[in-house]
Amino acid sequence: MNTKKWQSIGTVLGETNISEFYFSLKNYKAKKGDIITTESKIPSSEGNVVPVTVWGKISSIESSNAVFPTEAAQELTNENIDIRDTILPTTRDELICKVIILGFTFKDNLKLLPLNYPVRPAATVSYPSSEDVEALLISDLGSKHPLFIGSLLARDAVKIRIDADNLVSRHVSIFGMSGSGKTVMVRRIMDELLEKKYPMVVLDIHGDYLGFIQKQKKLYPNNQVKLFYPNLSVSSDDKEIIYTLIDKLGNSLTDPQKDFLSSLLEKVKYEGGSLLKYIELLVRKAREYASDSSKSFKNIRPASMYVVVRSLGQVAKKLKNMEQTNFRHRQKMSKLKFEELPDAATEPEKIVNKGQLSILYLKGYENLPASAIVSILLENLFKHRQEVEEEIPPFLTIIEEAHNFIPSRSEDKDNLPSVDTIRKVITEGRKFGTGVMIISQRPSRLDETIASQCNSQIVFRMVNQKDQRATTRDSETLSVDDSKQLPNLANGQGIISGQVVNFSLPVQIKFDAELINDDIGNENFITAVENWDDKDSVKQRKKFAKDLKKNGFDVIWDDGNADLKSFEGWYADLVNLKPDIIFMEGTTPVMHFLWDLSKKIKKDLPN
């Protein structure tokens, strides 16, 4: 490291301490966030005075001109005079930089040490070369497994790497507004971890990470990339899940009805399998008990039992609808291979394996069922890591839209089953190699205990003050100066702090264009409308309606979902209307339902 070649850019001002100093900057020679140095001397433990290089980061820059008073500016404005037409000076600007001290290094060692003696006033401030700054950052990081994620925001030539070991073991949070660069950052980390064959489980609500499976053969031929759709496997031991689903998705129950449900769950044994089939089994058994004149439950009236039957049926119906919605979304991406999620209790190695990326596609599922799916999945995987034999290797769980799974108590949703599970995984995970990455655009809506367990933070543009306060509250290393910078960051620019780096760094994240999901696109909706053309089915439906009108029929579009009608209400209106002809349109998953409905309509409207 040749310090003599470093460019002189300023002079240290009169008052200094061991944490920060100010210096006068030459015009246009450095920017906020730049890494700078100054030569200084400190006392050694042997009583000698030794030369050191002090490193710092510019946290703010202020400009002033003492010989250009406010009155002069007002006069120029009022009289519409160009300053170049006056004798006023324009080259007397004074630039004052505030520097946060990062530490010092000795001549032959780039390991940063904490400064315990103030820098010298009037000392020269230098601008080290990009190569030397990068060498310092890598040497000081001391990582066996560095991950490349981008470049220093103030200097493109300085490549930034973070420590993989601390990332996967000590948990990380990624916060920022929608579109600020969170997903870009996660893809960058995933790309690097795939090269190291580190297993990952991604909870993907929107399909942001499906590009990995699209490009798997080209970019990751030595990795397994699996794309799963939910299959919630439960056993009769998972009673709390059933209680929560009925409480949130079904009808509210009275105490006698809750007693019957509790007894029902005790009596009906289920070795394990689909949650939907388990609920359908409970419905059948509950109906049997209700029609048995209460012989099995002498203290509970049949009417109360039928309420439980209807509530369980309502839960089953909603779960079916969510499965069908997820199925329709998968149909739009027919080129991708979706597999049913294996049972994490009995086949964890199919989900977590060396070099494997497992993506769970949750689109279409409401918060509560999605939370139940995630809770059971992570609970079982965590148990396997706790076992002595360790059936699966260490892995990283990536939780997108984390506020849906770990809401704060103020959201009144902290009884979601995933909250307790993730809280346990994140507090005990370091011992068992189950790291967690949480991503959210609303950190103020996250469970505080879970968010505070993340020892590293990557924060992107954030304007909402409540979210800013939550971010600084949960971070021990994000400074006040860093938090002030958050509203002004551009897309793809973030501040990294915590144990993945030795000090907070403003970074431009590398954008991996090849990892975008081609089926979802780039949200260019204006172009989509400009190129819009109705599908053939829509064209046929419009032509059919027009032809019917020509032949004297009154055509009514009857969409019960759009009108927010219940099925019973919609059907009663249909029967009262007594139409001459009924046309129904549906997709493959609901064809059996439409056939049954046709039979019912013929019976109720024989003419």
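Numbering starts at 1 and runs along the sequence shown. Source: prediction; values computed, not measured.
- Without hydrogens or angle criteria, K337 side chain to S334 main chain gives no donor-acceptor distance under 3.5 Å.
- Put simply, the side chain of S173 reaches to within 4.5 Å of the side chain of Q457, judged on heavy atoms.
- With values rounded to the nearest 0.5 angstrom, L193 atom CG is found 8.0 Å from Y198 atom OH.
- Exactly one of V186, I439, I189 qualifies for a side-chain contact (heavy atoms from CB on, under 4.5 Å) with I458. That residue is I189.
- Under a 3.5 Å cut-off, the side chain of N166 and the backbone N or O of R170 do not form any donor-acceptor pair.
- Atom NZ of K267 and atom CZ of F260 lie 10.0 Å apart (nearest 0.5 Å).
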Step-by-step side chain to side chain contact (heavy atoms under 4.5 Å, CB included) determination, V202 to L357: CA-CA 8 Å; V202 181; L357 168 63; 3.6 Å; yes

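- Every residue was checked against the side-chain hydrogen bond (donor to acceptor under 3.5 Å, both in side chains) condition with T427, not counting sequence neighbours, and none meets it.
- Side-chain contact between V352 and P393: present, with at least one pair of heavy atoms (C-beta onward) separated by less than 4.5 Å.
- Taking a 6.0 Å sphere around NZ of K602, one finds it holds 12 or fewer heavy atoms contributed by other residues, nucleotides or ligands.
- For E366, there are no salt bridge (charged side-chain N to carboxylate O under 4.0 Å, His left out) partners at least two apart in sequence or on another chain.
- Looking at S456, its side chain does come within 3.5 Å of a backbone N or O of V500 through a donor-acceptor pair.
- Take Q257 and apply the side-chain contact (heavy atoms from CB on, under 4.5 Å) test, not counting sequence neighbours, and it matches L253, T254, S304, V307, V308.
- The backbone N or O of I450 lies less than 3.5 Å from a partner atom in the side chain of D447, making a donor-acceptor pair.
- Residue M305 holds its CE atom at 12.5 Å from CD of E288, rounded to the nearest 0.5 Å.
- Salt-bridge check for E400 with K182: failed, with every basic side-chain N at 4.0 Å or more from each acidic carboxylate O.
- In this structure, the side chains of I398 and M190 come closer than 4.5 Å at one or more pairs of heavy atoms.
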From CA spacing to verdict: side chain to side chain contact (heavy atoms under 4.5 Å, CB included), F212, L227: CA-CA 10 Å; F212 280 91; L227 183 55; over 6 Å; no

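- A donor-acceptor pair under 3.5 Å is formed between the side chain of S598 and the backbone N or O of L594.
- Taking each heavy atom of I351 and P342 in turn, the nearest pair found is CD1-O, 3.7 Å.
- Considering every non-hydrogen atom in both I392 and R385, the closest pair reads O-NH1, 2.8 Å.
- Scanning for side-chain contact (heavy atoms from CB on, under 4.5 Å) contacts around I556 gives L577, with sequence neighbours left out.
- Contact between H329 and Y361 at its shortest, heavy atoms only, is CB-OH, 3.6 Å.
- With Q453 contributing its side chain and R423 its backbone, the two residues share no donor-acceptor pair below 3.5 Å.
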Chi angles and distances behind the side chain to side chain contact (heavy atoms under 4.5 Å, CB included) call for I426, C454: CA-CA 8 Å; I426 206 165; C454 294; 4.0 Å; yes

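- With 3.5 Å as the limit, one finds no donor-acceptor pair spanning the side chains of Q468 and S483.
- Environment of CG in D596: crowded, with over 12 heavy atoms of neighbouring residues, nucleotides or ligands closer than 6.0 Å.
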Residue pair L341, Y229: steps toward the side chain to side chain contact (heavy atoms under 4.5 Å, CB included) verdict: CA-CA 6 Å; L341 181 67; Y229 62 88; over 6 Å; no

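- Remark: D343 pairs with S233, A345, T346 by the side-chain contact (heavy atoms from CB on, under 4.5 Å) rule, at least two apart or across chains.
- N223 approaches G355 most closely through the heavy-atom pair ND2-O, 3.1 Å.
- The side-chain hydrogen bond (donor to acceptor under 3.5 Å, both in side chains) check on T471 picks up nothing, with sequence neighbours excluded.
- Legend: ring pair (Phe, Tyr, Trp, His ring centres under 6.0 Å) pairs involving residues 431-473, not counting sequence neighbours, sorted by first then second residue: F382-F432.
- Going from atom OG of S444 over to atom CZ of R469 covers 8.5 Å, rounded to the nearest 0.5 Å.
- Considering every non-hydrogen atom in both V575 and L605, the closest pair reads O-CD2, 3.9 Å.
- Taking 4.5 Å as the limit, every side-chain heavy atom of M437 sits out of range of all side-chain heavy atoms of M200.
- Here the side chains of L478 and I495 are in contact, with some heavy-atom distance below 4.5 Å.
- Counting only distance, with no hydrogens or angles, the side chain of H384 and the backbone of A344 share a donor-acceptor pair below 3.5 Å.
- The side-chain heavy atoms of V555 and K546, taken from C-beta on, include no pair separated by under 4.5 Å.
- Contact annotation: the side chain of I406 never approaches that of I399 to less than 4.5 Å [non-hydrogen atoms, C-beta and beyond].
- Here the CZ-NZ distance, from R328 to K363, works out to 12.0 Å after rounding to the nearest 0.5 Å.
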Side-chain donor-acceptor pairs of residues 275-282 under 3.5 Å, sequence neighbours excluded:
none

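- Heavy atoms from other residues, nucleotides or ligands lying under 6.0 Å from CG of N576 number more than 12.
- Side-chain atoms of E401 and H403 include a donor-acceptor pair closer than 3.5 Å.
- Considering only residues two or more places apart in sequence or on other chains, R188 meets the salt bridge (charged side-chain N to carboxylate O under 4.0 Å, His left out) condition with D191, E192, D512.
- The neighbour count for R330 CZ, taken as heavy atoms of other residues, nucleotides or ligands under 6.0 Å away, is above 12.
- Under the 3.5 Å distance criterion, the side-chain polar atoms of S371 are left unmatched by any main-chain donor or acceptor of N367.
- Considering only heavy atoms from C-beta on, F175 stays 4.5 Å or farther from D467 through its side chain.
- Atom CD of residue Q386 and atom NZ of residue K383 lie 8.5 Å apart, to the nearest 0.5 angstrom.
- Nearest heavy-atom pair, I438 versus A451, reported as atom, atom and distance to 0.1 Å: CD1-CA, 4.2 Å.
- Partners of N464 according to the side-chain hydrogen bond (donor to acceptor under 3.5 Å, both in side chains) rule, which considers only residues two or more places apart in sequence or in another chain, do not exist here.
- Take P230 and apply the side-chain contact (heavy atoms from CB on, under 4.5 Å) test, not counting sequence neighbours, and it matches N326, L360, L362, Y365, I373.
- Distance alone, capped at 3.5 Å, places no donor-acceptor pair between the N455 side chain and the Q499 backbone.
- Among residues two or more places apart in sequence or in another chain, the side-chain hydrogen bond (donor to acceptor under 3.5 Å, both in side chains) test is passed with K318 by none.
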